[in-house]
Amino acid sequence: MRIPFIAGNWKMYKNIAEAKEYAMKFKTLYRGTDVKTAVFAPYPQLPLLVEEFKGTGIGVGAQNVHFAKEGAYTGEVSVSMLEELGVDYCLVGHSERRQYFGETDETVNLKLKALLETKILPVVCVGETLEERESGKEQEIVSNQTKAAFEGISAEDAAKITVAYEPVWAIGTGKTATAEQANEMCYCIRMTLAEIYDMETADKVIIQYGGSVKPENATEIMNMEEIDGALVGGASLEPLKFIEIINF
Ligand code: PGA
């Protein structure tokens, strides 16, 4: 039985004061239902959120990490530094990182492996561009991204990873994939995992949909068979909207 997991990705929004105000409000709204939740925030806001959400069941996640233990990598943050902060999750391979910061299938795989040596649970993003969808290659692209991400990872570790299917053309555009399109792609990811491992392992993996999820479309998306959760950008920035999605 997969427990639904709905997470918010703040991207590069909210300073410390705003994060504090959000946390205070969100804590009073979250009822610890049977839906797991977490907030992926910028690094400077993480210690505050870890503190504020202690004992509430609300998880805290970073949006990126470096795969090396340490080294001359100016501007980067290591897995052990995240462990020190006490975060529960870390995003890997978000399309904005792939698009603007040179993230590749190879670095995604290295980051997953580095995180799996710790208790920090990875959420890895995959998804096709508009061009790739228009040329009918979306399943091939997403399946290949999934295979590359999970390369050399054991079945036991694979079950700890959440996959977020985020079509690039639906992120921040207000354009959502139809529930059927999202379901079909999440099914494709699960079948790819079954091919790499086995059906039992594939059935354990939480697969989220992300891309313009909002209170108005959350129920339809969450009711789809293969969709176990959502990764919410814009609509997670307001506690009331985010809680509405969680209480779909
Ligand atoms: P969006 O972002 O909900 O604003 O489309 C989703 C994401 O990038 O994770």
Side-chain angles (χ1 to χ4, degrees), residues 4-14 18-19 22 26 35-43 45-46 49 58-65 87-103 108 111-112 115 121-130 132-133 138 141-142 145-146 149 161-179 181-183 185-186 189 205-222 224 227-248:
F5 177 30
I6 300 184
N9 173 16
W10 285 1
K11 310 194 178 186
M12 202 172 72
Y13 291 102
K14 293 198 189 295
E18 289 162 343
Y22 184 106
F26 191 63
V35 176
K36 277 200 304 180
T37 191
V39 169
F40 290 88
Y43 293 128
Q45 280 64 276
L46 295 175
L49 293 175
I58 303 163
V60 177
Q63 298 174 0
N64 184 36
V65 71
V87 302
D88 310 288
Y89 300 95
C90 185
L91 276 184
V92 176
H94 189 281
S95 64
E96 285 150 17
R97 301 233 40 105
R98 294 184 192 251
Q99 208 176 338
Y100 308 129
F101 303 101
E103 187 87 272
V108 165
K111 290 176 181 191
L112 288 177
L115 286 164
L121 298 168
V123 176
V124 62
C125 305
V126 294
E128 80 285 0
T129 61
L130 184 60
E132 287 160 350
R133 174 160 286 267
E138 68 275 13
I141 295 285
V142 167
Q145 283 177 344
T146 306
I161 300 174
T162 295
V163 181
Y165 166 62
E166 297 207 310
V168 179
W169 48 272
I171 296 177
T173 55
K175 206 171 161 185
T176 333
T178 64
Q181 280 172 329
N183 193 62
M185 294 304 289
C186 291
I189 292 166
V205 176
I206 299 286
I207 304 180
Q208 300 173 321
Y209 166 75
S212 299
V213 175
K214 39 190 180 257
E216 299 77 39
N217 58 25
T219 313
E220 195 192 0
I221 289 166
M222 289 303 297
M224 299 308 283
I227 306 176
D228 310 315
L231 185 56
V232 187
S236 75
L237 293 172
E238 288 173 45
L240 276 174
K241 267 198 191 169
F242 190 37
I243 211 76
E244 252 192 86
I245 296 173
I246 292 168
N247 295 337
F248 69 92

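All ligand and atom numbering here is 1-based and tracks the order in the structure.
Only backbone heavy atoms of Ala170 (N, CA, C or O) come within less than 4.0 Å of ligand 1; its side chain stays farther off. Residue Asn9 touches ligand 1 through its side chain alone, judged by heavy-atom distances below 4.0 Å.
Although no hydrogens or angles enter the test, the distance criterion places a donor-acceptor pair under 3.5 Å between the side chain of Arg98 and the main chain of Cys125. A donor-acceptor contact shorter than 3.5 Å is absent between the side chain of Tyr89 and the backbone of Ala7.
Using a 4.0 Å cutoff on heavy atoms, Gly172 counts as a contact of ligand 1. Within the 4.0 Å heavy-atom shell around ligand 1 one does not find Cys125. Ligand 1 lies within reach of His94, whose nearest heavy atom is under 4.0 Å from it.
Using a 4.0 Å cut-off to heavy atoms of Gly211, the atoms of ligand 1 that qualify are 5 (O). Near Ser212, meaning under 4.0 Å from one of its heavy atoms, ligand 1 places the atoms 1 (P), 3 (O), 5 (O).
Taking the six-membered ring where tryptophan is involved, the planes of Phe242 and Phe26 are essentially parallel, since the angle between them stays under 30° and well short of 60°.
Not counting sequence neighbours, the partners of Tyr13 by the side chain to side chain contact (heavy atoms under 4.5 Å, CB included) test are Lys11, Leu237. When the side chain to side chain contact (heavy atoms under 4.5 Å, CB included) test is applied to Glu18, the partners found at least two apart in sequence or on another chain are Lys14, Asn15.
In summary, of the residues considered (Leu231, Val124, Asn64), a side-chain contact (heavy atoms from CB on, under 4.5 Å) with Leu91 occurs for Leu231 alone.
Ile161 places none of its side-chain heavy atoms less than 4.5 Å from the side chain of Val205.
When the heavy-atom distances from atom 2 (O) of ligand 1 to Glu166, Gln208, Lys11 are ranked, the shortest goes to Lys11.
Distance from atom 3 (O) of ligand 1 to its nearest protein heavy atom, with residue and atom name: Gly233 N, 2.8 Å. Shortest contact from atom 4 (O) of ligand 1 to any protein heavy atom: Gly234 N, 2.8 Å.
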